[in-house]
Enquirer: 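Have a look at this one.
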Amino acid sequence: DNGVELKWETSSEINNDYFKIEVSTDNLSFEEIGRVDGAGTTSITQNYQMTHNNFGVGTFYYSLPQVDFDGMSERFGIISVFKEADVQIPLSVYPNPTSGDFITIKGNLSLYDHFEILSSNGVIKIQGANMKGTETKISVSELPSGVYLVRFRSQGDVETIRFIKN
């Protein structure tokens, strides 16, 4: 299965109406993705679970606020999950050669920490980080005509693609 299965348990509960399951991609702003009913008041261990489907690749942060019947809530610790792409999309740069102001990079971009565009003599001309998704556009309008390398780095791995700007 491609979802993230979230499981938790309580040893006892007092006035527990429900749990909110929240997700974030930046660990700052969270969005509610579901609710699971609580057991009210009990001293019997309760087991809960929910599966989060329909999301992309990268790091996801999950928060679990518990809400009482009176509306009071308590947020429990945040956990993170890294989701790799299900299908490997080979890195590519197009159009290549280009005479335009932009190139498009396609691939599993969230697998890479950062990228650099280097001139043929190894000088870094453009760099960026934290790419998401499977496609991004990069402005090359400031680059003169020539041969360039796009270098992708991730935890020691390096991939390089050559492109030409006319």
Side-chain angles (χ1 to χ4, degrees), residues 1-8 18-36 48-67 73 75-166:
D1 188 24
N2 294 330
V4 173
E5 190 172 344
L6 304 164
K7 294 181 178 183
W8 66 99
Y18 61 91
F19 294 95
K20 286 196 297 186
I21 295 81
E22 299 176 333
V23 68
S24 170
T25 56
D26 62 8
N27 201 15
L28 298 172
S29 56
F30 286 82
E31 172 185 346
E32 183 177 326
I33 58 169
R35 290 185 180 194
V36 174
Y48 297 95
Q49 72 177 41
M50 182 185 146
T51 301
H52 179 207
N53 293 309
N54 303 323
F55 60 100
V57 297
T59 301
F60 295 86
Y61 301 90
Y62 292 92
S63 173
L64 184 68
Q66 179 273 319
V67 181
S73 66
R75 182 181 301 260
F76 295 97
I78 295 171
I79 62 165
S80 65
V81 174
F82 179 75
K83 173 78 166 68
E84 289 187 353
D86 297 328
V87 176
Q88 293 295 340
I89 301 170
L91 284 172
S92 62
V93 174
Y94 65 90
N96 190 10
T98 184
S99 54
D101 291 338
F102 291 91
I103 58 170
T104 299
I105 298 175
K106 192 170 190 172
N108 294 334
L109 302 178
S110 58
L111 299 178
Y112 301 95
D113 297 327
H114 67 278
F115 75 92
E116 302 161 330
I117 296 180
L118 298 94
S119 63
S120 57
N121 60 357
V123 176
I124 297 173
K125 297 293 190 176
I126 299 171
Q127 53 188 337
N130 299 323
M131 297 180 294
K132 304 270 187 227
T134 59
E135 191 171 297
T136 190
K137 284 189 174 199
I138 298 171
S139 173
V140 293
S141 61
E142 301 297 317
L143 296 178
S145 296
V147 176
Y148 295 91
L149 299 174
V150 184
R151 183 166 56 194
F152 301 88
R153 293 183 182 263
S154 177
Q155 301 173 2
D157 294 331
V158 177
E159 286 200 48
T160 304
I161 298 175
R162 185 180 80 119
F163 79 94
I164 298 169
K165 171 134 188 233
N166 292 327

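In this text the structure is predicted, and so the values were computed from the model without any measurement. These numbers come from the heavy atoms of this one structure, side chains and all, not from hydrogens, waters or symmetry mates.
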Enquirer: Please tell me if the side chains of Tyr148 and Ser119 come closer than 4.5 Å, counting only heavy atoms from C-beta onward.
Expert: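 Side-chain contact under 4.5 Å: yes.
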Enquirer: Just verifying a value: how many Å separate Arg35 CZ and Ile21 CD1, rounded to the nearest 0.5 Å?
Expert: 9.5 Å
Enquirer: Specify the closest pair of heavy atoms between Leu28 and Ser24, including all atoms of both residues, with the distance to one decimal.
Expert: N-OG, 3.5 Å
Enquirer: To the nearest 0.5 Å, tell me how far Ile138 CD1 sits from Ile103 CD1.
Expert: 5.0 Å
Enquirer: What closest approach, in Å, do Glu22 and Glu32 show between heavy atoms, and which atom pair accounts for it?
Expert: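 That closest heavy-atom pairing would be CG-CA, 4.1 Å.
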Enquirer: Please test Tyr48 against Met50 for side chain to side chain contact (heavy atoms under 4.5 Å, CB included), starting from the C-alpha separation and ending with a verdict.
Expert: CA-CA 7 Å; Tyr48 297 95; Met50 182 185 146; over 6 Å; no
Enquirer: Within a strict 4.5 Å, meaning less than it, do heavy atoms of the Leu111 and Phe152 side chains meet?
Expert: no
Enquirer: By the salt bridge (Lys or Arg N to Asp or Glu O under 4.0 Å) test, which pairs, at least two apart or in different chains, include something from residues 157-166?
Expert: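 For residues 157-166, and leaving out neighbouring residues, there are no salt bridge (Lys or Arg N to Asp or Glu O under 4.0 Å) pairs at all.
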Enquirer: Can you list the steps and then say if Glu116 with Lys125 is a salt bridge (Lys or Arg N to Asp or Glu O under 4.0 Å)?
Expert: CA-CA 7 Å; Glu116 302 161 330; Lys125 297 293 190 176; over 6 Å; no
Enquirer: Does Arg151 qualify as a cation-pi partner of Tyr112, given the criterion of NZ or CZ under 6.0 Å from the six-membered ring centre and within 45 degrees of its axis?
Expert: no
Enquirer: Using ring centroids (six-membered ring only for Trp), state whether Phe19 and Trp8 fall under 6.0 Å.
Expert: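 Under 6.0 Å, so yes.
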Enquirer: Which pair of non-hydrogen atoms, one from Leu109 and one from Thr134, has the smallest distance, and what is that distance?
Expert: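 The pair with the smallest heavy-atom distance is CD1-C, 4.0 Å.
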Enquirer: Restricting to non-hydrogen atoms, name the atom on Val67 and the atom on Ser73 that form the minimum distance, rounded to 0.1 Å.
Expert: CG2-CB, 4.0 Å
Enquirer: Closest heavy-atom contact between Arg75 and Ser63?
Expert: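 Of all heavy-atom pairs spanning Arg75 and Ser63, the closest is NH1-OG, 2.6 Å.
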Enquirer: Answer whether the closest heavy-atom distance between the side chains of Asn27 and Thr59 falls below 4.5 Å.
Expert: no
Enquirer: Nearest 0.5 Å, what's the OG-CD1 distance between Ser92 and Ile105?
Expert: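 If we round to the nearest 0.5 Å, Ser92:OG and Ile105:CD1 are 9.0 Å apart.
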Enquirer: Would Tyr62 and His52 count as a close aromatic pair, with their ring centres under 6.0 Å?
Expert: yes
Enquirer: I need the minimum non-hydrogen distance between Thr25 and Tyr61, along with the two atoms involved.
Expert: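 In terms of heavy atoms, the two residues are closest at O-CE1, 3.8 Å.
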Enquirer: Between Val4 and Thr51, is there a side-chain heavy-atom distance shorter than 4.5 Å?
Expert: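 No. Closest side-chain heavy atoms not under 4.5 Å.
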Enquirer: Sub-3.5 Å donor-acceptor pair from the side chain of Asn96 to the main-chain atoms of Ile164, do we have one?
Expert: yes
Enquirer: Quick one: does Ser145's side chain have a donor or acceptor within less than 3.5 Å of a partner on Asn166's backbone?
Expert: yes
